[in-house]
Novice: 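Here it is: the structure, laid out below.
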Protein chains: 2
Amino acid sequence: MDPAWQRSAVAQDLSFLLARSNALSLAVGNAALRDFGLKVRSYPVLSLACDDLRPTQRELADFLRLDPSQVVTLIDDLERQGLVERRPDERDRRSKVVVATSAGRRVCAAARAAVLDAEEHPFAVLSPEEREQLADLLRRVAFPG
Amino acid sequence: MDPAWQRSAVAQDLSFLLARSNALSLAVGNAALRDFGLKVRSYPVLSLACDDLRPTQRELADFLRLDPSQVVTLIDDLERQGLVERRPDERDRRSKVVVATSAGRRVCAAARAAVLDAEEHPFAVLSPEEREQLADLLRRVAFPG
DNA sequence: TATTGTTATACTCTATAACTATA
DNA sequence: TATAGTTATAGAGTATAACAATA
């Protein structure tokens, strides 16, 4: 059955292929992060906090294309697990800067390794060169301008 | 801000780039389909019904990686709009085959044109050759084996 | 007056289990 | 007994509006 279905009209759509690939990647990613109490949604927040960018919640919301209220609950979870802390922003007392704790840095490093390892599954069909090619193309779609 | 953030660790992950690209494509796709009473989730069902593959609900669930119960509600919607019909499968009376009505075919053709047109926005940064390259890479990820 | 973070709310999506009718 | 479709339900994700503190 599949061969004929793969020649169907929808299966040629870039948006359909993107959605399907993402669904696979999402499932694999969440499974890999489960051991660390993280999800595909919370891991980027922790990772950005670990990159010493001292992001405010507003900046995280903009970059991750999430509503500010969603960022609140993601950070609530990470803070409850002792992985990040909210610090007052000296330059603007309305803002709160998200910084990683030392525990957060350890968990993030381990989680990153697990994610990269898990990515082998959905992307194993591609060679290292093809993966880099795919990353380049997606980078331009994901970050136009 | 963005340039520094784009060099962050997560922004290098294939899974993150895929998720972000998909989020953009999803928003654009749903906006384009809204006029036709369709969504990114229901359009593939209608499109496959229009391809004369005479899919059963089970086959649709397998191909779209959806739970059979989700297929039920998607087809309920499409049937309520008069775009598809459930027909008994002569070969297995447990199964139901989903076929497009003539109205469904008209709507599907118009919706497909709108989707292809809307895809210009997220993928406009890529040349036609690059888009085909991206489609080839994603096809192999989305349909391994 | 505008913005940051927060709370509350509702709506969609996703996952699961149980039921029925057929095989 | 196993499978196709259905129903019901709960959890996760997403979007929106309103509010307090600060700019």
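Each chain gets a letter, A, B and so on, in the order its sequence line appears, and its residues count up from 1.
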Novice: Mind running a 4.0 Å heavy-atom check of residues 84-101 of chain A against DNA chain D and sending the residues that fall below it, in number order?
Specialist: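 A:Asp92, A:Arg93, A:Arg94, in order of number.
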Novice: Taking the six-membered ring of A:Phe63 as reference, does the NZ or CZ atom of B:Arg20 fall below 6.0 Å from its centre and within a 45° cone about the axis?
Specialist: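 So B:Arg20 does make the cation-pi contact.
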Novice: Expressed as a whole number of angstroms, how long is the span from A:Gln57:CD to C:dT3:P?
Specialist: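 Going from A:Gln57 (CD) to C:dT3 (P), I get 17 Å.
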Novice: Name all residues meeting the salt bridge (charged side-chain N to carboxylate O under 4.0 Å, His left out) criterion together with B:Arg91; count only those two or more places apart in sequence or in a different chain, and write none if there are none.
Specialist: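 Listed in chain order: nothing, the list is empty.
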Novice: Is the shortest heavy-atom distance from the side chain of A:Glu119 to the side chain of A:Leu116 under 4.5 Å?
Specialist: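 They are in side-chain contact.
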Novice: Could you go through A:Asp77 and A:Arg80, starting from their C-alpha distance and side-chain angles, then the distance that decides it, and tell me whether this counts as side chain to side chain contact (heavy atoms under 4.5 Å, CB included)?
Specialist: CA-CA 5 Å; A:Asp77 282 347; A:Arg80 208 175 299 121; 2.9 Å; yes
Novice: What is the distance from CG of B:Asp77 to C1' of C:dC11, rounded to the nearest Å?
Specialist: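 My rounded result for the distance is 14 Å.
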Novice: For B:Arg20 and D:dT14, what is the distance between atoms CZ and P respectively, to the nearest whole Å?
Specialist: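 So the two atoms are 14 Å apart, to the nearest Å.
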Novice: What I want to find out is whether A:Glu85 reaches A:Arg87 closely enough, with some N-O distance under 4.0 Å, to be called a salt bridge.
Specialist: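 So A:Glu85 pairs with A:Arg87 through a salt bridge.
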Novice: For the pair B:Arg54 and B:Glu59, find out whether any cationic side-chain nitrogen is under 4.0 Å from an anionic carboxylate oxygen.
Specialist: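 Answer for the salt bridge query: no.
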Novice: Quiz question: by atom type and distance under 3.5 Å, do the side chains of B:Arg58 and B:Ser95 form a donor-acceptor pair?
Specialist: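 Absent: no donor and acceptor within the cut-off.
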Novice: What one-letter contact string describes nucleotides 12-19 of chain C from 5' to 3', where B marks a base within less than 4.0 Å of any protein heavy atom, S marks contact via sugar-phosphate atoms alone, and - marks no contact?
Specialist: -SSBB---
Novice: Mind calculating the distance between CZ (B:Arg58) and P (D:dT6) to the nearest angstrom?
Specialist: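 In whole Å, D:dT6 P and B:Arg58 CZ are 11 Å from each other.
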Novice: Taking the side chain as every heavy atom from C-beta outward, state whether A:Cys108 and A:Arg112 have any pair of such atoms under 4.5 Å apart.
Specialist: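 In contact.
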Novice: Rounded to whole Å, please give me the gap between CG in A:Asp76 and P in C:dG5.
Specialist: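 Result: 13 Å.
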